Visitor: 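Dropping the structure in here first, questions after.
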Amino acid sequence: MARADSDIPPFRYSAALAQDIELRWQDWWDTHKSFEAPNPAGPLADPEGVAGREKLFVLDMFPYPSGTGLHVGHPLGYIGTDVYSRFKRMAGYNVCYSMGFDAFGLPAEQYAVQTGQHPAITTAQNVANMRRQLRRLGLSHDPRRSIDTTDPGYYRWTQWIFLQIFNSWYDTESPSADGSHGRARPITELVAAFESGSRPTPDGRPWTELTTAEQRTIIDDHRLAYVSEAPVNWCPGLGTVVANEEVTADGRSDRGNFPVFKRNMRQWMMRITAYADRLIDDLDLLDWSDAIKTQQRNWIGRSEGARVRFASAAGDIEVFTTRPDTLFGATFMVLAPEHALVDALTTSEHSSAVAEYRRSAAAKKDIDRQDVTREKTGVFTGSYATNPVNGAQIPVWIADYVLMGYGTGAIMAVPCGDERDFEFARTFGLGIPAIQQPSDSWFADHGIEPSLDASTWPQAFVGDAPYVQSANDSGLDLNGLTSVADGKRMVNEWLVANDRGYGTVNFKLRDWLFSRQRYWGEPFPIVYDQFGPIGLPDAELPVVLPETDSFSPRTFAIDDEFSNPESPLDRLEWWTEVEYDFGDGPKLYHRDTNVMPQWAGSCWYELRYLDPTNENAFVDPEVEQYWMGPKGNGHPGGVDLYVGGVEHAVLHLLYARFWHKVLFDLGHVSSKEPYYRLFNQGMILAAAYKDAREIYVESTAVVERDGGFWFGDEPVTREWGKMGKSLRNAVSPDDMYDAFGADTLRLYEMSTGPMDASRPWETRDVVGMYRFLQRVWRNLVDEETGELRLGPPADDDTKRLLHRTIDGVRSDMDGLRINTAISKLIELNNAITKLGSSPADVAEPLVLMLAPLCPHVAEELWRKLGHTDSLIRESFPVADPALLIADTIELPVQVNGKFRSRIIVAADAANDIVEAAALADAKVITALAGATPKKVIVVPGRTVNIVA
RNA sequence: GCCCGAGUGGCGGAAUGGCAGACGCGGAGGACUCAAAAUCCUUUGUUCGAAAGGACGUGUGGGUUCGAGUCCCACCUCGGGCACCA
């Protein structure tokens with residue numbers, strides 16, 4: 001805010017002046033279309049603008065346009081990508097950089113329910129407000145490329161991509177472009193294969209002899225997007241189903257925190273599991289942190305093993321095991337309480353115990369079932385199954401440590417080789433024979449005598465050790481073998497030969513539940529006839545979300561497990577009943593009344609930035625190839641830099657990769673992966689204060705005094721948390737603009753640490769960057785007149801410093817080490833400050849280096865330096881290599897590893913000269929105290945160490 | 001429990017195995033001012049010393065090395081993720 005005091009020079013870089021400069025340049029950039037990035041083809045084509053420049057695609061995770069607007073914690077990543085984009089533009093790149101809004105979702109819908117205002121209206125208002133706030137930061141977005149997922153012109157293509165997925169199947173036989181995992185193919189090719197007979201139908205009958213209903217069912221079962229009666233998470237409190245990923249560990253909804261029930265329901269699913277292997281393997285192509293890659297791998301949860309069938313009176317019980325080699329040690333089986341065969345297996349004298357156990361397991365909250373430290377519980381069904389390798393009759397139990405949702409919901413229990421099975425056997429007094437002979441030292445380590453009765457062991461044995469008691473008389477003999485890997489292979493071969501199982505791979509990843517019974521989302525481009533779903537032709541898109549003033553789904557008592565979903569769209573009969581002519585005459589159809597989950601719009605938005613107004617395609621192939629295609633030099637294609645929060649490490653990134661891969665298989669995009677380089681920025685934390693009643697108080701009103709924190713007269717306690725409304729510790733960027741200006745805010749956020757680190761917000765620290773800009777300004781501009789003032793040309797030392805700075809800032813910017821780039825620029829400016837004013841030949845490079853960081857003030861200074869055009873596309877300074885090498889250098893000298901002195905030698909002095917100079921140094925002679933040097937180590941350009 | 005990541009001044013943080021603490025905040029002293037704010041200058045790891053100078057110092061304990069904040073081993077603490085996944 002303007003300071004009225006008359007003794008402040010009129011042209012000091014004050015907050016008021018900064019504001020004036022910033023608003024003026026923001027308008028100038030808009031008027032001159034400064035940030036428009038040309039495309040090679042299509043509506044945004046400008047081949048001349050593209051020619052001769054390398055492309056760079058920089059992307060932020062786009063925000064949900066919330067009603068509360070931004071606080072200073074939000075734009076950390078945006079400022080980082082803006083600095084990088086501006087730097088790369090100055091390095092000659094054609095940079096695609098924009099921002100969109102992920103605007104479908106629950107908050108807008110809930111707000112609409114409360115106020116009756118249509119979500120489209122609130123969304124538009126929120127988007128406009130966020131655009132204003134982001135513009136005020138000086139972000140160099142290409143405004144033409146901005147998108148909003150709720151715009152029918154956008155979601156038309158979300159629906160189109162859905163139809164591409166719906167109209168595809170996964171052919172595991174057909175090699176994908178890169179290898180052996182199969183690929184998506186158009187469903188028409190599957191139909192053709194059935195029609196021609198080249199692919200047999202499931203029951204072998206000729207395709208033409210099947211009824212239409214049978215044909216449709218077979219086709220629908222192959223689709224990558226399919227309707228399925230499947231166990232889903234039904235949340236009566238929300239009135240909708242939610243994806244597994246949206247259920248918290250304690251079995252409640254991510255949003256709203258309502259109970260969630262497993263129910264079988266017909267819902268849209270996406271066959272993401274078909275891509276499980278590729279989603280793991282292709283992580284190797286990506287420049288992502290190991291932490292995120294690990295999280296994705298763990299989520300997909302690949303494990304190799306075998307499926308094995310155990311015969312029982314109720315039929316075969318199939319299990320998955322990662323240790324088929326331990327089959328001889330399987331002495332009992334355990335089924336999940338929910339397993340379909342439990343009823344058939346339970347004998348009459350055990351039926352009441354089994355029923356009781358199943359009831360109590362069902363009543364248990366997931367969080368309790370997941371408590372690892374809990375004692376093992378379970379009951380015997382009364383039945384036995386046959387161990388296929390040795391014919392042993394083994395008891396079948398049920399227990400809640402076996403989960404229905406993983407593998408087959410049944411396990412073979414090998415107590416000697418699995419800690420959980422071991423505990424279970426101990427608890428219920430079941431025998432534990434050994435099938436591997438641990439080494440004597442293993443027994444010694446556990447303080448017991450070697451024994452093959454594993455019930456004497458303190459724990460199960462896992463590892464390589466010779467097999468014992470592991471042979472049958474039908475050709476399988478592991479005894480004496482010491483390799484687990486070989487054991488697995490031999491057992492798998494035996495299982496196949498004897499038709500009792502096969503080696504396979506199991507995944508934790510489930511198919512993606514894709515439908516929601518809500519209003520504010522993309523409608524499905526699907527109608528139904530009596531046989532099932534029909535994808536609408538492209539010409540019918542978009543299927544526009546129908547107008548209504550009744551936005552809420554029907555919700556139920558939060559524990560009404562057996563209620564059924566009822567979407568708001570269900571009620572709109574005028575919309576759901578629709579006539580189409582698909583070539584067999586006009587007929588009535590029923591529309592799908594689900595909407596897509598919020599993830600849908602964010603699965604492909606980066607592609608629409610590339611060609612936002614294209615009416616004929618979701619993206620022009622030439623445009624896509626230009627921005628996203630693989631480059632030589634090991635770059636597999638995709639976004640060059642994707643910056644966003646780590647909270648999207650699994651869901652968004654996994655879903656978006658999946659969609660991209662389908663589009664890749666179908667030939668619509670040219671890169672296997674959407675996001676080549678991922679960078680997770682840190683969070684901005686802020687102090688939050690609680691009073692004695694544990695209630696948060698407004699942070700801005702808290703003062704520190706007498707070693708404590710006070711809210712008025714009341715002592716409060718401090719904690720650190722994510723900035724936001726709930727902790728009452730949000731700081732608005734508007735306040736920072738008023739007090740310092742946007743350039744200072746940008747510099748402050750970038751200076752407080754490396755981009756990927758979380759850091760606390762300290763409003764009192766912001767002044768440091770404000771002072772820095774004031775000094776920069778004063779070194780170039782007369783504070784009384786506002787006129788440019790420059791000193792004489794730089795001396796040699798200043799020149800060298802300038803070029804060292806250029807060199808350092810360039811590499812720091814390239815590596816996104818923006819914090820250290822800033823400190824180097826401060827050092828340079830501090831040196832200039834000592835000179836009194838900026839040397840004429842340092843001013844321009846300094847201003848150019850500042851431009852990516854604090855673009856407004858840089859533009860203003862550039863103008864004062866006599867330029868009439870913006871510096872957006874000026875070349876970033878290049879260091880003169882000759883000036884990076886000094887004539888003489890100062891070397892530290894160590895004696896026995898302790899620093900004792902410094903010597904000055906010629907930069908290119910030979911080692912023996914350096915050594916002689918070091919030994920002649922007075923302080924070194926003192927430190928040696930007459931001792932004879934045994935060895936002198938000279939590290940050229942670094943140090944000298946004398947060992948005495 | 002498992003998997004990631006991180007521990008450096010009063011605070012945020014710098015440091016290709018080579019002078020630890022760059023840069024910023026805060027503190028101290030000074031200039032300007034009637035005074036204050038703002039701004040500018042000097043100084044600021046701890047400790048012994050009047051000073052010159054010395055000793056100590058990057059979570060703890062070991063190790064490798066001429067030399068370790070950095071590499072290796074073990075442990076402690078904090079943050080994040082997963083959690084009976086067969």
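As the structure is a prediction and not an experimental result, all values here were calculated from the model. By convention in this document, chain letters (A, B, ...) are assigned in the order of the sequence lines, proteins followed by strands, and residues within each chain are numbered from 1. The figures here come from the full heavy-atom set of this structure, side chains too, leaving out hydrogens, waters and symmetry mates.
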Visitor: For B:A74, which nucleotide in any strand shown is its Watson-Crick or wobble partner with both distances under 3.5 Å?
Guide: B:U60
Visitor: Rounded to the nearest Å, what distance is computed from the OH atom of residue A:Y401 to the P atom of nucleotide B:A83?
Guide: 19 Å
Visitor: Using the C1' atom as the reference point in each nucleotide, state the distance between B:C19 and B:A28 in Å, no decimals.
Guide: 27 Å
Visitor: Please report the shortest heavy-atom distance between A:L17 and A:R12, naming the atom on each side.
Guide: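 The answer is CD2-O, 3.2 Å.
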Visitor: For a quick check, tell me whether the side chain of A:K824 and the base of B:C23 share a donor-acceptor pair closer than 3.5 Å.
Guide: no
Visitor: Do A:W777 and A:F11 have their ring centres less than 6.0 Å from each other?
Guide: no
Visitor: Across all strands shown, which nucleotide pairs with B:U46 by Watson-Crick or G-U wobble geometry, both distances under 3.5 Å?
Guide: B:A55
Visitor: For B:U58 versus B:U46, give the span between their P atoms, rounded off to a whole number of Å.
Guide: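 Approximately 15 Å lies between the P atom of B:U58 and that of B:U46.
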Visitor: Starting from P on B:U16, measure out to CG on A:D807 and report it in whole angstrom.
Guide: 14 Å
Visitor: Examine B:G12: is either OP1 or OP2 under 4.0 Å from a nitrogen or oxygen in the side chain of A:R764? Give yes or no.
Guide: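 A:R764 to B:G12 OP1/OP2: no side-chain N or O under 4.0 Å.
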Visitor: Which whole number of Å gives the distance between the P atom of B:U44 and that of B:A38?
Guide: 23 Å
Visitor: When you measure from the side-chain N and O atoms of A:K898 to the phosphate of B:C56, is any distance below 4.0 Å, counting only OP1 and OP2?
Guide: yes
Visitor: Hunt down the Watson-Crick or G-U wobble partner of B:C25, both distances under 3.5 Å, from any strand shown, or write none.
Guide: B:G10
Visitor: Could you check B:G45 for me: syn (within 90° of 0) or anti?
Guide: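 Base orientation: anti.
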Visitor: At less than 4.0 Å, is any side-chain N or O atom of A:N819 found next to OP1 or OP2 of B:A14? Yes or no.
Guide: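 For B:A14, OP1 or OP2 has a side-chain N or O of A:N819 closer than 4.0 Å.
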Visitor: A:Q774 has an atom CD; how far is it from atom P of B:G24, in whole Å?
Guide: 14 Å
Visitor: Answer yes when A:R297 and A:D284 have at least one side-chain N-carboxylate O distance shorter than 4.0 Å, and no when they do not.
Guide: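 The answer is yes: the pair qualifies as a salt bridge.
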